[in-house]
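Take a look at the structure set out below.
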2 protein chains.
Amino acid sequence: MGADPGSEAWSAMRDLMMAQRGTMLAAASELDLSPPQLLALRALHPGEPAPMSALAQVLRCDASNVTGIVDRLEDRGLVQRRPAPHDRRVKHLVLTERGEELRRRAAAWLDAPPPGFEALSADEQRELRDLLRKVAGAAPRPA
Amino acid sequence: MGADPGSEAWSAMRDLMMAQRGTMLAAASELDLSPPQLLALRALHPGEPAPMSALAQVLRCDASNVTGIVDRLEDRGLVQRRPAPHDRRVKHLVLTERGEELRRRAAAWLDAPPPGFEALSADEQRELRDLLRKVAGAAPRPA
DNA sequence: TATTGTTATACTCTATAACTATA
DNA sequence: TATAGTTATAGAGTATAACAATA
């Protein structure tokens, strides 16, 4: 019955991913954001203007979609489009004060480890961290 | 700079989740399925008829959406609606032969551990499995 | 010529509300 | 009365193709 340890580990991790999907959807609903809007808000960092194209990369969607997603975030006063200094084709996105505030509320939902992590001792949490870093570091996301 | 080990472990796991999101989107595109359709196909198990409502739970969406998603899967000959024996309000979903075949192709994409897992020794994979099971088991998904 | 972002289009997903058929 | 699934509706996400402005 037992598959190899790697597959079993991956299976457990996918369970956690499905649970996290629920948390993310709940957070989006609570913050009155669509899932892509929530992802976009998190991809933007305070004080770090980013081109529209960066959002397309994170969202893994076509650039044409970013236009509409940013339109709605901008309509709500959460982000602003600004001309990029070095290339007049590029538009930079910056978080507004309200955008930063909403982003902080999103972080409170999503950055905290799920309650299941409390089942591990401090030593076990360190072990888990090191193992996960090894896995994540070994597989740099393909562009 | 270092947060607590739990947060650091969670951060590494979220990196893996974002990477997995890319894999899932690539698989859906490759199989010519939308993300919800792919999720639905995976939620149905060969030889195990399931009510529409089960899909709504897995997809975490309203029941009204399931109608359309199943409509399109049925139009493509991947699933079939059947009357449930015990309650004539309920409709059971079953995978067709084509549905099972496509589901196998989806599993090939998604069930295999990402390449990063190869960075771990067999012992480390077992450690990771045990730690993840402890975390996942401690936090049964809230209904 | 190539790239960034926009527009137009068609399709899918999504929740809400109202509805049908059953329980 | 309550529940399973459908329909109608409106808004949002999605890719494709064509386009403007800029490089």
Side-chain angles (χ1 to χ4, degrees), chain A residues 21-22 24-44 49-76 78-94 102 143, chain B residues 21-22 24-44 49-76 78-94 102 143:
Chain A
R21 181 172 176 270
M24 184 274 292
L25 292 174
S29 174
E30 184 70 24
L31 302 174
D32 198 26
L33 293 169
S34 70
Q37 285 168 3
L38 175 55
L39 205 50
L41 207 64
R42 282 172 66 74
L44 295 175
M52 307 270 293
S53 59
L55 238 43
Q57 281 195 336
V58 173
L59 299 180
R60 292 181 182 270
C61 71
D62 191 82
S64 60
N65 302 321
V66 179
T67 298
I69 291 166
V70 169
D71 279 350
R72 286 176 278 276
L73 291 176
E74 199 168 27
D75 287 345
R76 286 183 54 182
L78 300 173
V79 307
Q80 277 187 344
R81 284 176 168 94
R82 299 199 326 197
H86 61 298
D87 186 334
R88 293 203 295 175
R89 293 173 302 180
V90 176
K91 292 175 186 172
H92 275 177
L93 302 174
V94 293
L102 199 56
Chain B
R21 180 173 176 270
M24 184 275 292
L25 292 174
S29 174
E30 185 70 23
L31 302 174
D32 197 27
L33 293 169
S34 70
Q37 285 168 2
L38 175 55
L39 205 51
L41 207 64
R42 283 171 66 73
L44 296 175
M52 308 270 294
S53 58
L55 238 45
Q57 281 195 337
V58 173
L59 300 180
R60 291 181 183 269
C61 70
D62 190 82
S64 61
N65 301 322
V66 178
T67 298
I69 291 166
V70 169
D71 279 349
R72 287 176 278 275
L73 290 176
E74 199 168 26
D75 287 346
R76 286 183 54 182
L78 301 173
V79 307
Q80 278 187 346
R81 284 175 168 94
R82 299 198 327 196
H86 62 297
D87 186 333
R88 293 202 297 175
R89 293 172 302 180
V90 176
K91 292 175 187 172
H92 275 177
L93 301 174
V94 292
L102 199 57

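Fair warning: this is a prediction, and the values are worked out from it, not measured in the lab. Chain A is the first sequence line, chain B the second, and so forth, proteins listed ahead of strands; every chain is numbered from 1.
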Gap between atoms NZ and C1', on B:K91 and C:dT20 respectively (whole Å)
10 Å
Supply the atom-to-atom distance A:Q37 CD to A:L73 CG, rounded to the nearest 0.5 angstrom.
5.0 Å
So how far is it from B:T67 OG1 to B:K91 NZ, rounded to the nearest 0.5 Å?
7.5 Å
Take atom CD in A:Q57; do more than 12 heavy atoms of anything else shown fall under 6.0 Å from it?
no
If the sugar-phosphate is the primed atoms plus P, OP1 and OP2 and the base is the rest, what is the B/S/- string for nucleotides 10-18 of chain C, using protein heavy atoms under 4.0 Å?
--SSBBBB-
Look up atom CG in B:L93 and atom CG in B:L78, then write down how far apart they are to the nearest 0.5 Å.
12.0 Å
Between which nucleotides of DNA chain D, 5' to 3', does chain A make heavy-atom contacts below 4.0 Å?
D:dA12 to D:dA23
Would you check, one step at a time, whether the test side chain to side chain contact (heavy atoms under 4.5 Å, CB included) holds for B:L55 with B:L44?
CA-CA 8 Å; B:L55 238 45; B:L44 296 175; 4.0 Å; yes
Using atom types as modelled and distance alone, determine if a side-chain donor or acceptor of B:R21 lies under 3.5 Å from a backbone N or O of A:L59.
yes
Determine whether a donor-acceptor pair (N or O, by modelled atom type, separation under 3.5 Å) exists between the side chain of A:E30 and the backbone of A:A27.
no
State plainly whether the residues B:D71 and B:R81 are in salt-bridge range, i.e. N to O under 4.0 Å.
yes
